[in-house]
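A quick note: this is a predicted structure, and the numbers were derived from the prediction, not measured.
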Amino acid sequence: MSSQSQPVPFTADDYRARMTRAADTAAEAGLAGVLVAPGPDLVYLTGYRPVNTERLTVLVLTPGQDPVLVVPTLEAPDAEKAVGAPALTLRDWTDGKDPYAVTAPLLDGHGRFGISDNAWAMHLLGLQRTLPDTSYVSLTEALPMLRAVKDAPELERIAAAGAAADATYGEILKVRFSGRKETDIAAELAGLLKRFGHSQVDFTVVGSGPNGANPHHEAGERTIERGDMVVLDFGGLKHGYGSDTSRTVHVGEPTAEEQRVHDIVREAQEAGCEAVRPGVACQEIDRAARAVITEFGYGERFIHRTGHGIGVTTHEPPYMIEGEEQPLVPGMCFSVEPGIYLPGRFGVRIEDIVTVTEAGGRRLNNTARELAIVE
């Protein structure tokens, strides 16, 4: 699939298989089932994207039972239109009724359930009040691999999103940076992502000069000047799947130190990508990139993890961080994004999305990683 073509739509059978797999995985983890609130997990499992409100909506997945989606009656018509609706049973409740009493018969009153991280506390507390002998654990903790391994259609979507982000970077190099505000460049990045097919822009980090030393600096009113390093980190959703890439550019010619720091980060990023292969623990990607930066004396200035998973959201498990022993599996997609941050001076970050293959890893971002000079 090219960056501009439309992907083959997911079907009810695709969502049925995902829900069955989630229920079976929950059983293997010793859980009585999974409760899925509106958000990325529900989109992934059913294709349904409602607003998360004070009215309870929850997908109940239990091993050996048909999936049931509990929804407010006024939202049932929209739920019925979801692609995954034919693979589940809808059970609606009307205002004035107790939604937790409607949900309770679907659950083992003494069971332990995985529940979406973003479930509202009032809904969790309502279930606990109705079924006091149940217990709950977050899905990230209980089923961290729920969305981690992508199938071929998902990989096509993530690759297309990555290609669109690459096209965006290619275009932003043509614009003038000096004399303009960070917000001006951020707005151009957002417009380009939309132009190249993104339906949603999640972030456009533009960190110039000393602002680049803050990894999550939001574009501000600072005017970019000649002599500035500028960290660009941008991404969002295309065809429902994420992009996320970072490059660092320089306005005019860099100093020897700036070039050297950029070269170190580029070497570290290469080492992280080269470490990707099936069976390797996630933490080894972090170790490989961090070792290079530490060797050159900047270890204390690499202040975040090396990477995060990506899929229907731009940040999700698995995480490339010390202590994460989850082995890499073909189909996983995640960022490799080491950086060096010198407070009050400048920062450098280089980031690609990488997918695990049977033989190693494949980058889904392919723009030049050398320090680009902009005007």
What's the shortest heavy-atom distance between Thr57 and Pro72, and which atoms?
OG1-CD, 3.2 Å
Taking every heavy atom of Ile293 against every heavy atom of Pro338, the minimum-distance pair comes out as CD1-CB, 3.9 Å
Tell me yes or no: between the side chains of Ser243 and His198, is some donor less than 3.5 Å from an acceptor?
yes
Please say whether more than 12 non-hydrogen atoms of neighbouring residues, nucleotides or ligands are located less than 6.0 Å from CZ in Arg91.
no
Treating Ile, Leu, Val, Met, Phe, Trp and Tyr as nodes and any side-chain heavy-atom pair under 4.5 angstrom as an edge, say whether Ile310 and Phe334 lie in one connected cluster.
no
What distance separates Thr73 OG1 from Arg55 CZ, expressed to the nearest 0.5 Å?
10.0 Å
Please check if atom CZ in Arg180 has more than 12 non-hydrogen atoms from other residues, nucleotides or ligands closer than 6.0 Å.
yes
Aromatic rings Phe203 and His315: how do their planes relate, parallel, tilted or perpendicular, breaks at 30° and 60°?
perpendicular
State the OG1-CD distance between Thr183 and Glu218, to the nearest 0.5 angstrom.
12.0 Å
CG of Leu69 to CG of Leu88: how many Å apart, nearest 0.5 Å?
5.5 Å
Can you tell me how far apart CZ (Phe196) and CG (Asp166) are? Round to the nearest 0.5 Å.
10.5 Å
May I ask you to check whether Ser335 and Asp244 show a side-chain donor-acceptor distance below 3.5 Å?
no
Heavy-atom closest contact (Thr103 atom, Leu127 atom, distance)
CG2-CD2, 4.0 Å
Taking atom CZ as the centre, does Arg49 end up with more than 12 heavy-atom neighbours from other residues, nucleotides or ligands that are less than 6.0 angstrom away?
no
N-O pairing of Glu322 and Arg305 below 4.0 Å:
no
Give me the ring orientation class for His123 and Trp120: parallel if the planes are under 30° apart, tilted from 30 to 60°, perpendicular past 60°.
parallel
Measure across Pro330 and Thr357 and return the closest heavy-atom pair with its distance rounded to 0.1 Å.
CG-O, 4.0 Å
Verify whether one side chain among Asp202 and Thr314 offers a donor that lies under 3.5 Å from an acceptor in the other.
yes
Considering residues, nucleotides and ligands other than Glu54, do more than 12 of their heavy atoms fall under 6.0 Å from its CD?
yes
Is the shortest side-chain N to carboxylate O distance from Glu154 to Arg157 below 4.0 Å?
no
Does atom CG of Asp66 have more than 12 heavy-atom neighbours from other groups under 6.0 Å away?
no
In terms of ring plane angle, is the pair Tyr15 and Phe10 parallel, tilted or perpendicular, where the classes change at 30° and 60°?
perpendicular
Is the count of non-hydrogen atoms from other residues, nucleotides or ligands lying under 6.0 Å from Arg277 atom CZ greater than 12?
no
Find out if a path of hydrophobic residues (ILVMFWY) with successive side-chain heavy-atom gaps under 4.5 Å connects Ile303 to Leu342.
no
Show, in sequence, the C-alpha distance, side-chain angles and deciding distance for Thr355 and Ile158, and conclude whether the side-chain contact (heavy atoms from CB on, under 4.5 Å) test is met.
CA-CA 9 Å; Thr355 184; Ile158 297 174; over 6 Å; no
